[in-house]
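I have placed the structure first, in the form of structure tokens, so that the comments after it can refer back to it.
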Amino acid sequence: MSRKVERVITAHRQLEGGGFVVRRPFPTGGLALVDPFLLLDEMGPASYGPGEAKGAPDHPHRGFETVTYMLEGEFEHEDSAGNRGVIAAGDVQWMTAGSGVVHSEMPAGHIRERGGRMHGFQVWVNLPARDKMMPPRYQEVPASRIPQAATPDGRARVRVIAGEALGVRAAIDTRTPIVYQDWSLDPGAVVEQPLAEGHQAFVYVFAGRADVGSGGDSLGDGQLGLLGPGDRVRLAVPSGAPVGARLLLLAGQPLREPVARYGPFVMNTEAEVRQALADFRSGRFAQIQRT
Ligand code: FE2
């Protein structure tokens with residue numbers, strides 16, 4: 001059965017971290033999570049002047065994984081486990097916060113000083129209860145190691161961040177099995193992408209307009225389509241369309257566990273969230289070492 005769009009959610013704009021603009025389809029009042037996904041933020045696209053670009057200075061996380069994928073610009077990150085690096089256009093950084101990290105995510109120094117473009121995504125993937133207190137870990141995948149593929153007519157192209165599409169498979173090792181794909185569709189593109197039957201799945205369009213699912217739904221820029229049951233999804237752009245589309249396809253095995261969340265802490269119970277706050281406030285999260 002080919003999946004249909006069951007609900008359409010239009011992303012709202014809000015300020016995050018030190019004051020950078022994101023488009024956030026969820027969590028919102030109408031959609032708290034798409035188990036196992038807790039949050040999707042589209043950072044930008046934004047053009048910053050000198051001194052304007054803002055990021056998210058030192059802040060904690062516990063109980064889930066963050067996946068950052070950049071399309072334009074560069075983020076610098078550093079964390080309490082001693083990791084440091086730059087996430088440039090096309091790169092992916094996968095951080096398992098586990099029992100807790102403090103990290104900082106800032107536009108690269110040259111963008112903060114001289115201005116520039118920033119565009120990227122951050123997804124939060126929940127950890128199962130048994131892994132919430134695991135030691136933190138990082139996976140950094142440069143753009144050159146992200147597999148790409150295209151349909152024989154070249155009209156649909158995909159970058160496979162997690163999972164498998166058009167015969168290529170991503171190398172990333174995820175605690176919670178997920179699919180994460182960045183599709184570029186030209187007018188006339190048609191693909192049927194297999195999806196595991198039990199996975200919850202959604203499509204987020206971030207440029208142009210695409211036909212999503214077998215129900216004839218057309219999603220525009222900034223719209224998320226939550227997919228119903230089935231073992232595949234149809235993605236297309238009509239051949240007469242003036243422009244193509246860019247979209248993310250995400251799917252994951254739902255955890256079906258209680259979710260208690262407060263800002264950067266996502267646990268199973270309110271008591272665990274209070275514990276996370278207490279641990280953070282009493283300095284039991286390590287700090288970023290700066291020399
Ligand atoms: Fe963060």
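The basis for the numbers below is simple: all heavy atoms, side chains too, and nothing from hydrogens, waters or symmetry mates. In each ligand, atom 1 is the first atom listed, and ligand 1 is the first ligand listed.
- Closest N/O/S atom of His61 to the Fe ion (ligand 1): NE2.
- With respect to Arg112 and Glu76, a salt bridge is recorded, a charged nitrogen being found less than 4.0 Å from a carboxylate O.
- Taking the Fe ion (ligand 1) as reference, Glu105 places its N/O/S atom OE1 nearest.
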- Task: Please assess Glu78 against His103 for the test side chain to side chain donor-acceptor pair (under 3.5 Å), listing each intermediate value before the final yes or no.
- Result: CA-CA 6 Å; Glu78 49 186 340; His103 75 161; over 6 Å; no
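- The NE2 atom of His59, the Fe ion (ligand 1) and the NE2 atom of His103 define an angle of 90° (nearest 10 degrees).
- Heavy atoms only, all atoms of each residue included: Val101 and Pro136 are closest at CG1-CB, 3.4 Å.
- Using cut-offs of 30° and 60° on the angle between ring planes, the pair Phe121 and His119 is tilted.
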